[in-house]
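Below, chains carry the letters A, B, ... as their sequence lines are ordered, and counting in each starts from 1.
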Amino acid sequence: MRILGGQRLAGTIVETEAYLGVQDRAAHTFNGRSTARNTSMWGDGGHAYVYFTYGMHYCLNAVAGRPQEPIAVLLRALEPTEGLDAMRARRVTARKDTDLCSGPAKLCQALGVDRALDGTDLVASDDLFVERCRGRAFPAWKIVIGPRVGVAYAREWAEKPLRFHVAGNPHVSR
DNA sequence: CCCGTGATTTAT
DNA sequence: TAAATCACGGGG
């Protein structure tokens with residue numbers, strides 16, 4: 001997932017949200033918005049979209065559409081699997097290991113992800129990438145689907161079932 | 001419940 | 001230029 005200073009920091013993705021193009025009121029690309037910040041969302045799938053918000057937090061998305069089709073998956077939580085000590089050192093406020101990556105900005109802090117990694121090729125890069133679960137794919141019946149978090153302003157899009165998480169996994173946010 | 005924090009966006 | 005917003009996290 002992330003190589004930082006020669007060390008491997010990794011986790012299994014256990015929570016995501018989808019952001020669907022120009023019609024999705026909750027998406028940064030709603031109504032065709034194309035700005036310096038969201039450029040990566042308009043690019044090819046398989047690349048990172050990292051944005052900065054609330055004056056202190058970064059969030060990481062995997063862009064999932066074709067060029068000019070701004071669809072992305074927000075990575076909301078990981079179950080840490082490698083480099084836990086380094087993650088604990090980066091996440092000074094985390095009191096338990098389930099606090100390490102249980103939120104979109106927490107996981108970025110744990111892995112040392114910031115805007116410098118915006119646009120990273122998540123398939124080919126050596127420092128930030130996604131790989132298939134090795135022997136640990138979750139069956140569909142373990143995936144809970146529901147409304148997204150923190151998008152109340154998005155009116156009819158606020159309630160759409162676009163959040164996905166592993167049932168009962170303690171590393172999920174909220 | 002409330003607050004920090006500042007880049008980004010949107011309204012003038 | 002100025003004001004409002006915000007795909008959040010931490011503390012009480």
Side-chain angles (χ1 to χ4, degrees), chain A residues 1-2 9 11-65 68-80 84 86-120 122 128 130 143-166 169-174:
Chain A
M1 192 86 216
R2 170 87 168 120
L9 309 183
T12 305
I13 297 170
V14 294
E15 179 184 356
T16 62
E17 283 176 0
Y19 286 84
L20 302 183
V22 300
Q23 10 157 61
D24 182 351
R25 275 195 119 81
H28 291 165
T29 50
F30 174 63
N31 205 231
R33 268 171 19 225
S34 175
T35 64
R37 171 170 79 157
N38 69 17
T39 304
S40 306
M41 276 204 67
W42 293 92
D44 201 2
H47 292 250
Y49 168 45
V50 180
Y51 69 89
F52 182 68
T53 190
Y54 286 103
M56 55 184 106
H57 300 302
Y58 293 97
C59 294
L60 169 64
N61 294 253
V63 176
Q68 300 304 117
E69 181 188 35
I71 292 172
V73 176
L74 173 67
L75 272 45
R76 287 195 58 89
L78 306 179
E79 177 174 333
L84 288 264
M87 292 189 198
R88 292 183 192 114
R90 291 193 139 278
R91 292 229 65 233
V92 293
T93 58
R95 311 199 69 248
K96 311 173 303 235
D97 285 353
T98 47
D99 297 329
L100 250 25
C101 298
S102 55
K106 293 180 189 176
L107 105 229
C108 285
Q109 192 176 16
L111 300 187
V113 170
D114 63 17
R115 257 236 119 192
L117 290 166
D118 181 56
T120 300
L122 296 174
L128 177 66
V130 177
I143 308 297
V144 179
I145 304 178
R148 294 175 292 187
V149 175
V151 297
Y153 61 88
R155 302 165 30 148
E156 74 272 20
W157 280 85
E159 295 304 317
K160 293 202 185 274
L162 294 173
R163 173 172 180 244
F164 305 83
H165 68 91
V166 177
N169 188 289
H171 296 85
V172 166
S173 74
R174 176 95 93 40

Exercise for the section: State whether a side-chain donor-acceptor pair under 3.5 Å links A:Gln109 with A:Arg91. Expected result: yes
Problem - For atom CG of A:Asp114 and atom C1' of B:dA7, their distance in whole Å - result: 14 Å
Handout entry: Rounded C1' spacing from B:dT9 to C:dG9 in Å
Key = 23 Å
Exercise for the section: For C:dG11 versus B:dA7, give the span between their P atoms, rounded off to a whole number of Å. Expected result: 23 Å
Handout entry: Modelled atom types, side-chain donor and acceptor of A:Thr16 and A:Arg76, under 3.5 Å
Key = no
Handout entry: A:Arg88 and A:Asp97 ion-paired at < 4.0 Å
Key = yes
Completion exercise
Sorted by position of nearest nucleotide on DNA chain C, 5' first, the leading residue of A:Tyr153 and A:Thr93 is A:Tyr153
Practice task
Using the C1' atoms only, state how far B:dC1 lies from C:dA7, rounded to an integer number of Å.
Solution key: 22 Å
Handout entry: Side-chain donor-acceptor contact under 3.5 Å, A:Asp118 with A:Ser40
Key = yes
Exercise for the section: Check the pair A:His57, A:Phe52 against ring-ring contact (aromatic ring centres under 6.0 Å, His included), reporting the backbone distance first and the verdict last. Expected result: CA-CA 6 Å; A:His57 300 302; A:Phe52 182 68; 8.2 Å; no
Exercise for the section: Mark yes when over 12 heavy atoms from residues, nucleotides or ligands other than A:Arg174 sit less than 6.0 Å from its CZ; otherwise mark no. Expected result: no
Problem - Nucleotides bounding contact with chain A, strand DNA chain C, heavy-atom threshold 4.0 Å - result: C:dC6 to C:dG10
Practice task
For A:Arg163, report the nucleic acid contact type (base, sugar-phosphate, nothing); a contact means any heavy atom under 4.0 Å.
Solution key: nothing
Practice task
Report which part of the nucleic acid A:Thr35 touches: base, sugar-phosphate, or nothing (heavy-atom distance under 4.0 Å, all strands).
Solution key: sugar-phosphate
Exercise for the section: Could you tell me whether the side chain of A:Arg2 and the main chain of A:Gly112 form a donor-acceptor pair under 3.5 Å? Expected result: yes
Practice task
Looking at every strand, decide which applies to A:Ala26 at a 4.0 Å heavy-atom threshold: base, sugar-phosphate, or nothing.
Solution key: base
Practice task
Check every strand shown and say whether A:Arg76 touches a base, only sugar-phosphate, or nothing at a heavy-atom separation below 4.0 Å.
Solution key: sugar-phosphate
Exercise for the section: With the side chain counted from C-beta on, respond yes when A:Leu162 and A:Trp157 share a heavy-atom pair under 4.5 Å apart, and no when they do not. Expected result: yes
Practice task
Look only at the side chain of A:Asn169 and the backbone of A:His171, and say whether a donor-acceptor pair between them is shorter than 3.5 Å.
Solution key: yes
Problem - A:Arg148 NZ/CZ over A:Tyr19 ring centroid, <6.0 Å and within 45° of normal - result: yes
Exercise for the section: Extract the stems that DNA chain B is part of, considering only consecutive pairing runs of at least three Watson-Crick or G-U wobble pairs, both distances under 3.5 Å. Expected result: B:1-4 with C:8-11, B:6-11 with C:1-6
Problem - Euclidean distance, A:Leu78 CG relative to A:Cys108 SG, rounded to 0.5 Å - result: 9.0 Å
Completion exercise
Within residues 36-55 of chain A, the residues having a heavy atom closer than 4.0 Å to DNA chain C are A:Met41, A:Tyr51, A:Thr53, A:Tyr54
